[in-house]
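Convention: sequence-line order gives letters A, B, ...; per-chain numbering from 1. What's counted below: heavy atoms across the whole structure, side chains too, no hydrogens, waters or symmetry copies.
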Amino acid sequence: MALKNIKSKVLRIYPPDTNTDEVISGKYKYDELDLKKLAVHAFESIDPTFYEDSQKVKNPILVAANNFGCGSSREQAPQVILACDVSCIIADSYARIFYRNGFNIGLPLIECKDISKNAKQGDELEVDFDKNVIVNHTTGKSFPFKPIPEFMQQLLEAGGLMPYLKAKNK
Amino acid sequence: MGKTLAEKILSEKSGTEAIPGDIVTVPVDFVFSHDGTMPLAIQQMEKELGTRKVFDPLKVGGICDHASPSPSEQVSNVQIFMRKFARENNMPYFFENGDGICHQIVAEKFSAPGKIIIGGDSHTCTHGALAAFGTGMGSTDVGAIMAYGTTWLRVPESFKFQIDGELPEHVTSKDVFLHIVKEITADGATYMSMEFTGSTVKNMTVDSRLVMSNMAIEAGGKVGLCSSDEKVRQFLAKHGRENEYKELSADKDAVYKDELHIDASKLVPYIAYPHRVDNVKPVTDFAGMELQQVCIGSCTNGRLEDLKVAAEILKGKKVHKDTRLVVYAASRGVMMEAMKAGYIQTLIEAGAAVCPPGCGFCIGRTVALGDGEKVLSTQNRNFKGRMGNNKSEIYLSNVPVAAVSAIYGKVTDPREVL
């Protein structure tokens with residue numbers, strides 16, 4: 001398996017059912033096609049300092065409880081997270097459309113049902129794709145995660161759906 | 001082994017024996033996107049695939065509904081970007097400027113039993129009411145489908161909702177769904193096909209079924225399916241597409257991951273209170289709460305039967321002086337019919353602001369709430385900030401509750417006053 005392990009600090013832990021309106025408000029998405037500019041509004045309604053804080057940690061990790069990304073199909077939600085240089089999200093579970101959107105744009109979404117209770121802001125986590133475990137280097141504990149389906153791995157390796165399709169349809 | 005509706009449609013379309021968990025590739029019968037999601041889809045297509053050419057101009061639709069007519073120069077510029085794309089591809093199906101909401105337009109013109117309908121909007125599950133496999137995706141998926149005409153789908157497990165009995169007066173299909181999401185929670189059907197069946201569904205109009213299918217996503221559902229029947233045939237005939245009708249229902253021995261049985265006669269009008277759709281209590285729990293705005297319409301409850309009910313309740317009455325009533329029909333066709341029937345005149349006489357068909361109030365882009373305001377709306381979602389203001393509160397209800405509450409200026413149980 002070719003996915004590279006991810007090691008970084010937890011920037012935030014979000015509660016259950018954090019929705020896409022909270023990730024990026026609908027009132028901005030019609031006005032702006034530049035995702036880097038849109039990213040300054042990420043999580044604005046529930047977490048006003050998110051963008052600023054995201055720029056202080058190198059490729060941070062987001063942790064969330066269950067049903068992360070529920071609501072709208074707006075791909076601007078995972079896109080602004082990616083535009084804040086987040087390396088991956090680890091959640092207890094995801095809403096379906098958000099899950100699909102994440103892999104489509106090359107943002108790894110890892111499902112680990114114990115994570116929201118076993119990580120704290122600032123903890124250093126390592127996602128080990130060979131062993132399918134998340135190691136919390138701050139606490140020394142490990143948690144197995146649901147292996148990423150083969151097809152989704154291929155999307156990540158290609159850098160997202162579009163590069164995947166481009167290579168396939170050559 | 002028997003198949004659920006989702007398994008049946010995906011088996012036929014993929015040419016395989018589709019079982020839950022399989023990933024199948026299917027041709028898409030119609031793909032559409034709106035002003036909130038299509039510009040990014042075009043951008044992804046152009047940037048990543050190096051093309052702006054759609055696979056079949058007759059199978060791709062563009063709809064400016066979320067902020068239309070445009071309220072700002074930024075939105076206008078984004079819509080110019082969409083129009084240009086539609087023109088260079090000779091796409092005949094481009095809708096805007098009060099044509100209506102994508103889901104109503106697509107239901108009227110394109111959805112039919114057995115079709116695969118993909119939309120760049122989470123409420124694309126609406127089309128399941130016509131036994132179409134309708135599901136929402138993001139802009140990259142939509143861009144890929146616009147270019148290639150196919151997509152991959154994971155065959156979902158199915159959740160059966162067996163709904164029997166007669167709905168009491170002033171209790172509607174909206175309440176059936178609010179009851180369901182209260183029971184199973186906001187992620188109770190994640191990744192699943194929600195399949196609505198039973199005598200209550202059979203007796204419902206297609207307009208009413210569209211409400212339940214529309215809200216499937218609020219419980220995490222991938223699609224919200226109903227069997228096709230004579231009523232679906234009549235709906236298609238009304239829109240000049242009777243030839244697209246076919247009978248489609250789940251096999252008797254289909255296997256479901258879960259089942260919920262509902263006695264419709266026990267249901268009451270419900271309210272979903274801030275800021276989650278599965279925060280559901282009977283309307284009586286909120287009776288007397290003052291409202292600054294009441295909204296009737298949206299892709300959930302902006303159809304002809306909704307406007308009819310609202311007009312009947314508001315006929316000869318006035319909207320309360322401290323409350324604003326905002327009405328949005330779901331499409332130009334619905335608006336025209338409601339005008340001919342006199343509903344629009346009745347609503348305007350009662351004091352409603354009737355706006356051009358579109359998404360208007362539901363996403364806070366063309367109608368926004370002020371600080372501290374409470375709104376009762378017939379839409380599908382009450383997330384914080386959804387109607388343009390984080391400091392406001394959104395309550396959801398059926399149409400009769402919304403209409404009587406507009407008269408009294410506070411949450412009112414129609415069973416008490418009608």
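- With a 4.5 angstrom heavy-atom cutoff, B:Q43 touches chain A only via side-chain atoms.
- In this structure, B:H275 and A:E22 have side chains that are not in contact, with every pair of non-hydrogen atoms separated by 4.5 Å or more.
- No more than 12 heavy atoms of other residues, nucleotides or ligands shown are found within 6.0 angstrom of NZ on A:K168.
- Inter-residue side-chain proximity for B:T135 and A:R96 is flagged as met; some heavy-atom pair is nearer than 4.5 Å.
- Contacts between B:I217 and chain A at a heavy-atom distance below 4.5 Å involve the side chain alone, from C-beta outward.
- Only the side chain of A:I105 comes within contact range of chain B, with at least one heavy atom under 4.5 Å from a heavy atom of that chain.
- Per-residue heavy-atom pair counts under 4.5 Å with chain B were compared for A:G71, A:P163, A:S45, A:S25, and the maximum is reached by A:G71.
- Considering only heavy atoms from C-beta on, A:I97 stays 4.5 Å or farther from B:D141 through its side chain.
- Heavy atoms of A:Y94 lying under 4.5 Å from chain B belong to its backbone as well as its side chain.
- Neither the backbone nor the side chain of A:E44 comes within contact range of chain B, judged by heavy atoms closer than 4.5 Å.
- Using a 4.5 Å cut-off between heavy atoms, B:R386 contacts chain A through both its backbone and its side chain.
- Of the atoms belonging to B:T190, it is side-chain heavy atoms, and not backbone ones, that fall under 4.5 Å from chain A.
- Using a 4.5 Å heavy-atom threshold, the side chains of B:T37 and A:S73 count as touching.
- Your options are A:N19, A:N101, A:L161, A:D17, and the one with the most heavy-atom pairs under 4.5 Å with chain B is A:N19.
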